[in-house]
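One structure below.
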Amino acid sequence: MAVVIVQGASRGLGLQFCKVLASRADVAKVIATSRRAENEATLHSMQSQFPNKMVLINVDVTKENNIKQVVPKIMEESTGKIDLLLNCSAILHPSGKGETSLRDVSFEGLRTTFETNTIGPVLTAKYFSPLLLKSSGLFGKQAGKKHSGILVNLTAKVSSISDNQVGGWYSYRLSKSALNMATKNLSIELGRGKSKVICVALHPGTVDTDLSRPYHKGVPADKLFSTEKSVNYLMSIIDKLSVEDTGKCLAWDGNAIPF
Ligand SMILES: NC(=O)c1ccc[n+]([C@@H]2O[C@H](COP(=O)([O-])OP(=O)(O)OC[C@H]3O[C@@H](n4cnc5c(N)ncnc54)[C@H](OP(=O)(O)O)[C@@H]3O)[C@@H](O)[C@H]2O)c1
């Protein structure tokens with residue numbers, strides 16, 4: 001039975017991942033974390049719906065000590081292994097809107113966005129990868145055969161350097177491009193040994209969540225996904241991953257996004 005950590009579980013895509021994973025018969029435990037996971041009403045009602053399955057833990061990924069402190073609790077809840085780690089936490093920018101030009105760029109905006117979107121997932125990988133290495137590989141195409149756990153960093157198509165046609169969104173674009181590099185690095189380091197963690201960056205499409213809300217007006221209705229639709233697409237990719245995919249950046253439709 002699988003154990004999953006959803007980092008950034010209190011809203012949006014993370015919350016929907018929790019709903020889908022908690023209702024799966026092959027998942028024994030969903031560890032839901034975010035700064036406010038323990039206070040989130042929807043997560044609490046899921047706890048009542050799936051008794052003994054949902055564990056809620058407050059974690060701020062911008063604070064290394066905070067991540068380190070929750071490791072013993074997660075070790076206990078996960079019985080020493082994690083089969084899937086989903087890093088969903090991110091911000092577009094502390095102001096809620098991406099920079100349209102250089103004049104909007106600030107040290108503080110860049111720093112805060114990097115802390116949440118890049119440094120947070122890397123530190124989460126640092127503390128939880130030993131548990132991913134212990135997985136017997138319950139997700140993915142060759143489940144239980146060639147790999148151990150799966151680490152997913154949620155990225156965005158705007159992270160692609162070669163696909164950048166319009167500029168802007170400095171903090172978010174830079175932080176997600178760096179996250180893609182981190183994913184590639186992790187795939188190398190965690191793929192060297194006998195036990196191999198599959199590490200991928202996944203783009204969920206443009207999804208109806210708080211993060212993208214200021215930009216929904218300009219998106220055609222059929223291009224603005226519900227969290228349900230996006231997570232269904234992403235779970236079908238995750239369920240088909242193999243060691244050959246490690247290090248890749250893939251969109252919701254399974255197509256590779258160029259770096
Ligand atoms: N929505 C889109 O259109 C879209 C498009 C491309 C990529 N993505 C990516 O998909 C992922 C999920 O986005 P979303 O749209 O679901 O965002 P969202 O609805 O704004 O949710 C973001 C989550 O991150 C958590 N979080 C933020 N800062 C945190 C911190 N310092 N420590 C711990 N948790 C933190 C939030 O919880 P708390 O506030 O409780 O901490 C929340 O659960 C992100 O990586 C995003 O970049 C989204």
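Counting starts at 1 for both ligands and their atoms, following the listed order. Throughout, numbering of the chain's residues begins at 1 and tracks the sequence.
Using cut-offs of 30° and 60° on the angle between ring planes, the pair Trp252 and Phe225 is perpendicular.
At a heavy-atom distance under 4.0 Å, only side-chain atoms of Pro204, from C-beta outward, approach ligand 1.
For Gln7, the closest heavy-atom approach to ligand 1 falls below 4.0 Å. Within the 4.0 Å heavy-atom cutoff, Thr155 counts among the residues contacting ligand 1. Using a 4.0 Å heavy-atom cutoff, Lys176 is listed among the residues neighbouring ligand 1. Close to ligand 1: Tyr172, with a non-hydrogen atom less than 4.0 angstrom away. Residue Gly205 places a heavy atom less than 4.0 Å from ligand 1. The closest approach between Gly120 and ligand 1 stays at or above 4.0 Å for every heavy atom of the residue.
Ligand 1 has a nitrogen or oxygen under 3.5 angstrom from a nitrogen or oxygen of Ser89. Between Asn87 and ligand 1, no N or O atom pair is found at a separation short of 3.5 Å. Of the polar atoms of Arg36, at least one N or O is found under 3.5 Å from an N or O of ligand 1, judged by distance alone.
Of the candidates Ala9, Ala37, Ala90, Ala90 brings a heavy atom nearest to atom 22 (C) of ligand 1. Closest heavy-atom approach to atom 10 (O) of ligand 1 within the set Val6, Asp60, Thr33, Leu154: this belongs to Leu154. When the heavy atoms of Val61, Asp208, Ile91, Ile119 are ranked by distance to atom 32 (N) of ligand 1, first place goes to Val61. Considering only non-hydrogen atoms, atom 14 (P) of ligand 1 lies nearest to Thr209 out of Asp210, Thr209, Val231, Val207. Counting heavy atoms only, Cys88 comes closest to atom 12 (C) of ligand 1 of the residues Ala32, Ala201, Cys88.
Taking every non-hydrogen atom of Gly12 and a distance limit under 4.0 Å, the qualifying atoms of ligand 1 come out as 16 (O), 19 (O). Ligand 1 places these atoms under 4.0 Å from at least one heavy atom of Val59: 32 (N), 33 (C). Here is the list of ligand 1 atoms found below 4.0 Å of a heavy atom in Thr206: 3 (O).
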request  = Let me see the working for Glu64 and Lys68 under salt bridge (charged side-chain N to carboxylate O under 4.0 Å, His left out), right down to the final yes or no.
outcome  = CA-CA 6 Å; Glu64 180 166 7; Lys68 197 173 168 182; over 6 Å; no
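Applying the side-chain contact (heavy atoms from CB on, under 4.5 Å) test between Ile150 and each of Val197, Leu86, Ile198 identifies Ile198 as the sole match.
Judged by distance alone, the side chains of Ser148 and Ser135 never bring a donor and an acceptor atom under 3.5 Å apart. Using modelled atom types and a 3.5 Å distance limit, the side chains of Glu40 and Thr42 yield a donor-acceptor pair. Between the side chains of Asn153 and Asn87, at least one donor N or O sits under 3.5 Å from an acceptor N or O. Looking only at atom types and distance, the side chain of Thr155 has a donor-acceptor partner in the side chain of Asn180 under 3.5 Å away.
Crowding of Glu244 atom CD: a count of heavy atoms from other residues, nucleotides or ligands under 6.0 Å exceeding 12. The 12-atom threshold is not exceeded at NZ of Lys157, counting heavy atoms of other residues, nucleotides or ligands nearer than 6.0 Å. Few gaps surround CG on Asp253; more than 12 heavy atoms of other groups in view lie less than 6.0 Å from it.
Atom 29 (C) of ligand 1 has as its closest protein heavy atom Arg35 NE, 3.4 Å. Taking atom 18 (P) of ligand 1 as the reference point, the nearest protein heavy-atom neighbour is Arg11 NH1, 3.7 Å. Closest to atom 37 (O) of ligand 1 among all protein heavy atoms lies Ser10 OG, 2.8 Å.
Between Lys53 and Gln47, every side-chain heavy-atom pair lies at or beyond the 4.5 Å cut-off.
The other members of the hydrophobic cluster of Phe114, by chain and number, are Leu102, Val105, Leu110, Tyr170, Leu174 (side-chain heavy atoms under 4.5 Å, ILVMFWY only).
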